[in-house]
Amino acid sequence: MKIRNRLNPSNPCFSFEFFPPKTDEGVANLFKTLEDLAPLQPGFVSVTYGAGGSTRDRTVELVTRIKQETGIEAMAHLTCVGHTKDELRELLRRLQDAKLENVLALRGDPPQGQKEFVPEPGGFRYASELVQFIREEDFNFSIGGACYPEGHVETLSRDDDLRHLKAKVDAGLDFVVTQLFFDNAFFFDFVERARRAGINVPIVPGIMPITNYEQIQRFTRMCGATVPMRLALQLERVKDQPDALVQLGVAHATVQCMELLSRGVPGIHFYTLNKSPATRMIVSALRART
Ligand code: FAD
């Protein structure tokens, strides 16, 4: 199933993102998580692409296994980091041979310890170049890309970022998935600006339920998402009470999702961090209301 055909405001698609575990035990746990989430009938799941090493192969293996063993549509993320065109072509071939129909085409972050993204010789500098390459090579994927309601961390201005996104979409994207955000106002404003700029593909909001205080501080620092002041104060109050923190995180994400759905989003992508309970609670609540 091509994801572009599944994104529809009148029947929104819930999707779940996982990362490739480093160990076999982690992989077994991931399949347990998938089993827990399968009854929620995800439109698709996706598996991220690591910065290097063995987890990169695991992405291709996992999406292949997930699709074959569970029947759930699985999308691989792919980045330009450390790859030549030939290597990317080979990876795309493996995905196509495994009958996978969707790919999330990304530039990737600079490797740890490196401030700036440096393209691999014979590789790509921007995700838009990878998107164009996939189209030119005649692969038959539905292609997704990343976008940033609060602006990408490296960008000098949100207008520049939007212009670059428009070029990326024009290179051949079918849909985009947003970076996580905790304040829907950023998303609605972004969608409005994107539509005005002529970006007409489905824009899928990415939601991360907060379940761990330190983790969310780290993620927001890395990706530039802001936590609204009121939520930050509430989190501060319960940061040493794990159950209360999860309850707050789930409640906040549920309210966010309800508003997003009421405003006609085509789907919601959940950053699960390979854990099922928070996402299960939120999606169960959302399904109960429709
Ligand atoms: P690009 O679209 O290339 O943009 C990168 C920067 O370059 C932006 O600041 C943009 O404004 C600028 N830019 C683009 N084109 C031009 C141009 N022509 N001239 C000048 N500047 C330009 N990372 C991983 O490593 N693995 C993953 O699996 C992964 N999954 C992700 C999933 C989602 C939904 C999201 C939102 C992000 C994900 N990331 C992942 C993070 C992502 O790789 C980083 O945010 C990365 O820094 C940018 O990737 P991009 O594809 O958005 O890059």
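Indexing begins at 1, ligand by ligand and atom by atom, following the structure's order.
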Okay, side chain of Thr254, backbone of Val250: is any donor-acceptor separation there less than 3.5 Å? yes
Atom 8 (C) of ligand 1: which protein heavy atom is closest, and how many Å away? His152 ND1, 3.2 Å
Among all protein non-hydrogen atoms, which one is nearest to atom 20 (C) of ligand 1, and what is the separation to 0.1 Å? Tyr126 OH, 3.2 Å
What protein heavy atom is closest to atom 2 (O) of ligand 1, reported as residue, atom name and distance in Å? Lys168 NZ, 2.8 Å
Identity and separation of the nearest protein heavy atom to atom 29 (C) of ligand 1: Leu106 CD1, 3.4 Å
Less than 3.5 Å apart, any donor N or O on the side chain of Glu150 or Thr226 sitting next to an acceptor on the other? yes
So, do Phe16 and Leu34 sit near enough that their side-chain heavy atoms are less than 4.5 Å apart? no
So, does Asn212 use its side chain to make a donor-acceptor pair with the main chain of Gln215 at under 3.5 Å? yes
Regarding atom 49 (O) of ligand 1: of the candidates Tyr49, Phe124, Tyr148, which has the closest heavy atom? Tyr148
Does Phe117 reach ligand 1, in the sense of a heavy atom lying below 4.0 Å from it? no
Taking the side chain as every heavy atom from C-beta outward, state whether Ile66 and Phe31 have any atom pair closer than 4.5 Å. yes
A student checking ligand 1 against Tyr271 at a 4.0 Å heavy-atom cut-off should list atoms 33 (C), 34 (C), 36 (C)
Is there a polar contact, in the sense of an N or O pair closer than 3.5 Å, between Thr48 and ligand 1? no
Got a donor-acceptor contact below 3.5 angstrom from the Lys67 side chain to the Lys99 backbone? yes
Evaluate Glu17 for polar contact with ligand 1, using N/O atom pairs at a separation under 3.5 Å. no
Taking 4.0 Å as the limit for heavy-atom contacts, which would you say applies to Leu104 with ligand 1: side chain only, backbone only, both, or neither? side chain
Check whether Arg193 reaches the backbone of Leu162 with its side chain - one donor and one acceptor, N or O, closer than 3.5 Å. no
Show your reasoning for whether salt bridge (Lys or Arg N to Asp or Glu O under 4.0 Å) applies to Asp161 and Arg158. CA-CA 5 Å; Asp161 211 30; Arg158 287 189 202 170; over 6 Å; no
Closest non-hydrogen protein atom to atom 3 (O) of ligand 1, residue and atom name please, with distance? Ala127 N, 2.9 Å
Consider every N or O of Ser128 and every N or O of ligand 1, then say whether any pair is closer than 3.5 Å. no
The atoms of ligand 1 lying under 4.0 Å from a heavy atom of Ala146, numbered in the order shown, are 35 (C), 36 (C), 37 (C), 52 (O)
Distance filter under 4.0 Å to Asp161 heavy atoms, resulting ligand 1 atoms: 8 (C), 9 (O), 10 (C), 11 (O)
Mode of His269 contact toward ligand 1 - side chain, backbone, both, neither (heavy atoms, under 4.0 Å): neither
Which residue and atom name correspond to the protein heavy atom nearest atom 30 (N) of ligand 1, and how close is it? His77 ND1, 3.0 Å
Angle class for the Phe14/Phe270 ring planes (parallel below 30°, perpendicular above 60°, tilted otherwise)? tilted
Quick test of your reading of the structure: of Glu154, Arg107, Arg125, whose heavy atom lies closest to atom 53 (O) of ligand 1? Arg107
Who's the nearest protein heavy-atom neighbour of atom 23 (N) of ligand 1, and how far? Gly108 CA, 4.3 Å
If we number the atoms of ligand 1 from 1 as shown, the ones under 4.0 Å from a heavy atom of Thr79 are 24 (C), 25 (O), 26 (N)
Relative to the ring of Tyr148, is the ring of His152 parallel (under 30°), tilted (30 to 60°) or perpendicular (over 60°)? perpendicular
With no hydrogens and no angle check, just 3.5 Å: does a side-chain donor-acceptor pair link His269 and Ser15? yes
If you count the atoms of ligand 1 from 1 in the order shown, which ones are under 4.0 Å from a heavy atom of Gln179? 36 (C)
From CA spacing to verdict: ring-ring contact (aromatic ring centres under 6.0 Å, His included), Phe186, Phe181: CA-CA 8 Å; Phe186 285 115; Phe181 58 92; 8.2 Å; no
For atom 13 (N) of ligand 1, what's the nearest protein heavy-atom neighbour? Residue, atom name and distance, please. His164 ND1, 3.3 Å
Specify whether Phe133 and Phe124 have parallel, tilted or perpendicular ring planes, treating 30° as the upper limit for parallel and 60° as the lower limit for perpendicular. tilted
Nearest neighbour of atom 41 (C) of ligand 1 from the list Leu165, Val153, Asp109, on a heavy-atom basis: Asp109
